[in-house]
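Here is the structure we will look at, set down as structure tokens.
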Amino acid sequence: DQQVKQNSPSLSVQEGRISILNCDYTNSMFDYFLWYKKYPAEGPTFLISISSIKDKNEDGRFTVFLNKSAKHLSLHIVPSQPGDSAVYFCAASATYGQNFVFGPGTRLSVLP
Amino acid sequence: DAGITQSPRHKVTETGTPVTLRCHQTENHRYMYWYRQDPGHGLRLIHYSYGVKDTDKGEVSDGYSVSRSKTEDFLLTLESATSSQTSVYFCAIKGLTSGADNEQFFGPGTRLTVL
């Protein structure tokens, strides 16, 4: 049973619009969350993180929102650019743990 | 970019043969990880290491073994490869931190095909 879920395998968005990628988790011990971006034939690269003491973290065009009661987080990309087209993985860990559990990923396509 | 390399980058092998994948880091990070990436499953942890000669199993460790004799190298071995082990394998490293920068850095991946 997956502890970290990304229920949308794919998402298409027009350039300039907002992209919203969602992630749900089941383990209430998770308190640190990350988003990774992956291009084909490359390793994942870290994008943004959030700890459970916050409900929002922003870095340029990227914002992550955390709703602890719903065990849900989302990544907002505004404005979306064609270079954002990639697979996005959500990951979670417990108490700044050294191991992470990854979701299955969402493939984002930003159309020019 | 974190100094992490994987070798080989591509390998095709036959069922029943042993295979060893190498991960090398120049960051002197304590933690090293092996993941496999498969469609619909994302990244699944195979084994990880928290120091030289200190390793532990992950979620999908059956059929795999690891060794870490030096800080910079983490080897993943398939003793007898099976077709179900066809996958893309990623190595990751992480420093010892409890702060906000608690992320893993990934290598470029090794695509393994078992015929």
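Every chain is numbered from 1 and lettered A, B, ... according to where its sequence line falls, protein lines coming before strand lines. Bear in mind that the values here come from a model prediction, so they are computed numbers and not experimental data.
Note that OH of B:Tyr31 and CZ of B:Phe105 are 15.0 Å apart. Values are rounded to the nearest 0.5 Å. Interatomic distance, A:Ile77 CD1 to A:Phe62 CZ, rounded to the nearest 0.5 Å: 5.0 Å.
Interface residues of residues 50-80 of chain B toward chain A, defined by a heavy-atom distance below 4.5 Å: none. Residues of residues 39-47 of chain B lying under 4.5 angstrom from chain A, judged on non-hydrogen atoms, are B:Gly40, B:His41, B:Gly42, B:Leu43, B:Leu45 in numerical order.
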For residues 13-20 of chain A, tabulate all N or O donor-acceptor pairs below 3.5 Å that involve a side-chain atom, not counting sequence neighbours.
| unit_1 | atom_1 | unit_2 | atom_2 | d |
| --- | --- | --- | --- | --- |
| A:Gln14 | NE2 | A:Pro112 | O | 3.3 |
| A:Ser19 | OG | A:Ser80 | OG | 2.6 |

Under the ring pair (Phe, Tyr, Trp, His ring centres under 6.0 Å) criterion, do A:Tyr36 and A:Phe102 qualify, and how do the steps go? CA-CA 9 Å; A:Tyr36 280 84; A:Phe102 284 80; 5.6 Å; yes
Could you give me the CA-CA distance, side-chain angles and deciding distance for A:Tyr25 and A:Phe33, then say whether ring pair (Phe, Tyr, Trp, His ring centres under 6.0 Å) is met? CA-CA 10 Å; A:Tyr25 60 97; A:Phe33 305 90; 4.7 Å; yes
Given the rule in the salt bridge (charged side-chain N to carboxylate O under 4.0 Å, His left out) test, do A:Arg61 and A:Asp84 qualify, once you have shown the distances and angles that lead to the verdict? CA-CA 11 Å; A:Arg61 296 187 296 114; A:Asp84 296 328; 2.8 Å; yes
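Grouped by direct or indirect side-chain proximity (heavy atoms under 4.5 Å, Ile/Leu/Val/Met/Phe/Trp/Tyr only), A:Tyr39 sits alone.
Across every non-hydrogen atom of B:Val19 and B:Ala81, the tightest pair is CG2-CB, 4.3 Å.
Judged by a 6.0 Å distance limit and a 45° cone about the ring axis, A:Lys56 is not positioned over the six-membered ring of A:Phe65.
Looking at A:Gln2, only its side chain comes within 4.5 Å of chain B, counting heavy atoms on both sides. A:Ala91 does not touch chain B: none of its heavy atoms, backbone or side chain, sits under 4.5 Å away. Neither the backbone nor the side chain of A:Pro9 comes within contact range of chain B; no heavy atoms are under 4.5 Å apart.
Between the side chains of A:Ser52 and A:Tyr32, no donor N or O sits under 3.5 Å from an acceptor N or O. In the model, A:Ser69 has a side-chain atom that pairs as donor or acceptor with a side-chain atom of A:Asn67 under 3.5 Å.
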